[in-house]
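A quick note: this is a predicted structure, and the numbers were derived from the prediction, not measured. Worth knowing before you read on, the calculation uses all heavy atoms, side chains too, and leaves out hydrogens, waters and symmetry mates.
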Amino acid sequence: MIGESAGFIRAVRVAGPGREFLPTDEPVDIVIVGGRIADIAPTGNLRPTGVVVDGQGGWLLPGLWDHHVHALQWALVADRVPLGDVSCAREAAAVMGAAPVRDGCRVGTGFRNGLWPDETSLEILDAATGDVPTYLINADVHSVWMNSAAFRREGFEPVASGVLREEDAFEISRRLNAVAPEIADGAVERMARAAAARGVVGMVDLDMTWNDEPWQRRAARGFDALRVSYGTYPQDLDRAVAEGLRTGDLVRGAVNDLIRVGPLKAITDGSLGTRTAACAHHYPGDVGNHGLLTVAPDELVEMMTRATAAGIECAIHAIGDVANANALDAYALSGAVGSIEHAQLVAHADIPRFARLGVAASVQPEHALDDRDMTDAIWAEQSAQPYPLRALVDSGANVRFGSDAPVAPLDPWAAIASAVFRTRDGREAWQPHQRVDIGTALAASTSGGSTAPAEISPGALADLVIVDADPLTADERGLRAMPVRTTLLGGRVTHSA
């Protein structure tokens, strides 16, 4: 059935946006014509046509989106050493020393050293890894720990800690991600199929590269697993403008309507784990360190104004409260349209500005739980609100969910569960006053976000997912393990269990 275009869906219960338009909660049949929903009626009242998908009483939702993915970097994680469970620098070094060598080096990913009892150093990593170039990428991707052999290989001057941060770290990631096109495209295809198996129909790809080129190539090869909106970075803004790229346009050479130009992505500060997020108050034990603004406020306004004049929307990375305030100011001054990515620490006075300015809050609910212990320790003295999910929703902001994969796995059900319950692994709920209801979480996981969700109604795109349990009544574990039966993209089956 995968790859076939459905003309009829039998016996499904509608859950999520669109449910309110139906007279009962009983199963319905759905007719699909030209990739859109043509009719909905109680089961047995419509004539089946074309390929029939039997919903067997499952629950039908609008297809899910991940609004923040680093597609290739996430796709390559499967070939890298997982470090999410290591508890100190020496353990991480030992794991890497025992790891297999691939393409002449070792690459690990996902470590979180914000609360480690020991410090990273060249000495520790060299002793464990020898002369094999070794790279450990932080979970937040804002720092990379390397041994001396890696520093020599990359032509960087060694530092005693072994750690490169921010732009230097991003450059190392770009080099490690520069694999042959056939390897890259195969990995992205597998990643996209895995995402479809979790009910995903679309993603915003913010890989740190000139994304127009690989997506042109994938489009020409007939990539059809997901809808894709791909970003451009400031170093390529002039090129994007010169080549006429505009947000929403189809990628050049497209053979279908799935891949489109997305926003300008600008990173304006660092991260919590690297202690470089730009904050009003200094980091504990480090007086004078308020984080790092990587784009000056006036430069940000000028950049966003140029993008807006060229028809390119914006996606501004801001984690600390100072960075968020600057980003909101820049939206107000430039007239730009778009989002703030992450919005992890926001001053109370700035929360209502998202809705007033029409700026979407593109957030990653899993990060709140990944970072809860670091937040309680590192941001304990901050006066702004950390991970203010419910506050943003209540203010009227359009909230969109994502994973920031590979920072968190590309699984919208994990994001939904974290947003609704603010817990996992049996721990007590963290900041439960920032929970949102399941309806809001589902809406935030669709293409339009919480205030403009995709709906199941006649005329809507047939981007749909059928699941085997009612998400509106599922508990936290049930949401995380949600069994996905069928995913349809414009009526075409991309996953079938």
(request) For residues Pro409 and Trp74, determine if any side-chain heavy atom of one lies less than 4.5 Å from a side-chain heavy atom of the other. (result) yes
(request) To the nearest 0.5 Å, tell me how far Leu176 CG sits from Leu72 CG. (result) 11.0 Å
(message) Between Asp373 and Arg112, does any NZ, NE, NH1 or NH2 come within less than 4.0 Å of an OD or OE carboxylate oxygen?
(response) no
(message) Quick one, Leu488 with Ile9, criterion side chain to side chain contact (heavy atoms under 4.5 Å, CB included). Give me CA distance, side-chain angles, the key distance, then yes/no.
(response) CA-CA 10 Å; Leu488 300 100; Ile9 301 175; 4.3 Å; yes
(request) Could you tell me whether the side chain of Pro412 reaches within less than 4.5 Å of the side chain of Val200, counting heavy atoms only? (result) yes
(request) Output yes when a side-chain donor or acceptor of Asn398 lies under 3.5 Å from a complementary backbone atom of Thr451, and no otherwise. (result) yes
(message) Taking Gly449's backbone N and O only, do any of them form a donor-acceptor pair with His67's side chain (distance below 3.5 Å, no angle check)?
(response) no
(message) Using a 6.0 Å cut-off, check whether atom CD of Glu213 has over 12 heavy atoms from anything other than its own residue.
(response) no
(request) For residues Ala441 and Val420, report the shortest heavy-atom separation together with the two atoms involved. (result) CB-CG2, 3.7 Å
(request) Work out which heavy atom in Pro458 is nearest to a heavy atom in Ile40; give both atom names and the distance. (result) CD-CD1, 4.1 Å
(message) Once rounded to the nearest 0.5 Å, what's the spacing between atom CD of Gln364 and atom CG of Asp370?
(response) 10.5 Å
(message) Under a 3.5 Å distance rule, please check whether Asn147 uses its side chain to pair with a backbone N or O of Val132 as donor and acceptor.
(response) yes
(request) May I ask you to test the Ile37-Leu464 pair for a side-chain heavy-atom distance under 4.5 Å? (result) yes
(request) State whether a side-chain donor-acceptor pair under 3.5 Å links Asp205 with Trp215. (result) yes
(message) Could you report the tightest heavy-atom contact between Thr446 and Pro62, atom names first, then the distance?
(response) CG2-CB, 4.0 Å
(message) Show the nearest heavy-atom pair for residues Ala75 and Ala187, with the distance to one decimal.
(response) CB-O, 3.4 Å
(message) With a 3.5 Å distance limit and no angle check, can you tell me whether Arg485 reaches the backbone of Gly55 through a side-chain donor-acceptor pair?
(response) yes
(request) Answer whether the closest heavy-atom distance between the side chains of Ile416 and Pro471 falls below 4.5 Å. (result) no
(message) Tell me whether Arg492 contacts the main-chain N or O of Gly3 through its side chain, where contact means a donor paired with an acceptor under 3.5 Å.
(response) no
(message) Test of understanding: with side chain to side chain donor-acceptor pair (under 3.5 Å), list the residues that count as partners of Glu366, not counting sequence neighbours.
(response) Ser418, Arg424, Arg480
(request) Please report the closest heavy-atom contact between Val363 and Ala343, naming both atoms and the distance. (result) CG1-CB, 4.5 Å
(request) For residues 163-172, pull every pair meeting side-chain hydrogen bond (donor to acceptor under 3.5 Å, both in side chains), keeping only residues two or more places apart or in separate chains. (result) His142-Glu166, Glu166-Thr276, Glu167-Arg174, Glu171-Arg174, Glu171-Arg175
(message) Determine whether Arg13 and Asp29 satisfy the following criterion, salt bridge (Lys or Arg N to Asp or Glu O under 4.0 Å), listing intermediate values before the conclusion.
(response) CA-CA 9 Å; Arg13 292 176 169 85; Asp29 294 341; over 6 Å; no
(message) Taking Val261's backbone N and O only, do any of them form a donor-acceptor pair with Asp249's side chain (distance below 3.5 Å, no angle check)?
(response) no
(request) Looking only at non-hydrogen atoms, find the nearest pair between Ala361 and Leu392 and report the distance. (result) CB-CD1, 3.9 Å
(message) Using side chain to side chain contact (heavy atoms under 4.5 Å, CB included), reason through Leu479 and Ile438 one step at a time and then give a plain yes or no.
(response) CA-CA 10 Å; Leu479 283 174; Ile438 181 63; 4.1 Å; yes
(message) Hydrogens and angles aside, do Asp212 and Thr232 bring a side-chain donor and acceptor to less than 3.5 Å of each other?
(response) no
(request) Return yes if some donor-acceptor pair links the side-chain N/O of Asn177 with the main-chain N/O of Gln73 below 3.5 Å, else return no. (result) no
(message) For Glu243, is there an ion pair with Arg252 - N to carboxylate O distance below 4.0 angstrom?
(response) yes
(request) Answer whether the closest heavy-atom distance between the side chains of Ser447 and Asp463 falls below 4.5 Å. (result) no
(request) Under the side chain to side chain contact (heavy atoms under 4.5 Å, CB included) rule, what do Arg153 and Met146 come out as? Steps first, then yes or no, please. (result) CA-CA 10 Å; Arg153 183 192 198 201; Met146 308 193 308; over 6 Å; no
(request) First locate atom OH of Tyr233, then atom CG of Asn211, and finally report the distance between them rounded to the nearest 0.5 Å. (result) 7.5 Å
(message) For the backbone of Glu313 and the side chain of Thr247, can you confirm whether one donor and one acceptor N or O come within less than 3.5 Å of each other?
(response) yes
(request) Would you mind reporting whether Ile32 and Phe8 have side-chain heavy atoms less than 4.5 Å apart? (result) no
(message) Has Asp185 got a side-chain atom pairing as donor or acceptor with Arg218's backbone, closer than 3.5 angstrom?
(response) no
(message) Using the side-chain contact (heavy atoms from CB on, under 4.5 Å) definition, which of the options Val163, Leu83, Asn113 pairs with Asn138?
(response) Asn113
(request) Nearest 0.5 Å please: distance from the NE2 atom of His342 over to the OG1 atom of Thr268. (result) 9.5 Å
(request) Under the side chain to side chain contact (heavy atoms under 4.5 Å, CB included) rule, what do Val141 and Val407 come out as? Steps first, then yes or no, please. (result) CA-CA 7 Å; Val141 197; Val407 181; 4.0 Å; yes
(message) Could you measure the distance from the CG atom of Leu64 to the CE atom of Met482? Nearest 0.5 Å is fine.
(response) 10.0 Å
(request) Taking atom CG of Asp475 as the centre, report whether more than 12 heavy atoms of other residues, nucleotides or ligands fall under 6.0 Å from it. (result) yes
(request) Please tell me if the side chains of Arg217 and Pro181 come closer than 4.5 Å, counting only heavy atoms from C-beta onward. (result) yes
(request) Can you measure from CZ (Phe111) to CD (Glu91) and round to the nearest 0.5 angstrom? (result) 13.0 Å
(request) Would you check if Leu206 and His317 make a side-chain contact, meaning some heavy-atom pair closer than 4.5 Å? (result) no
(request) Ignoring hydrogens and angles, tell me if any N or O in the side chain of Ser450 forms a donor-acceptor pair with the backbone of Thr440 under 3.5 Å. (result) no
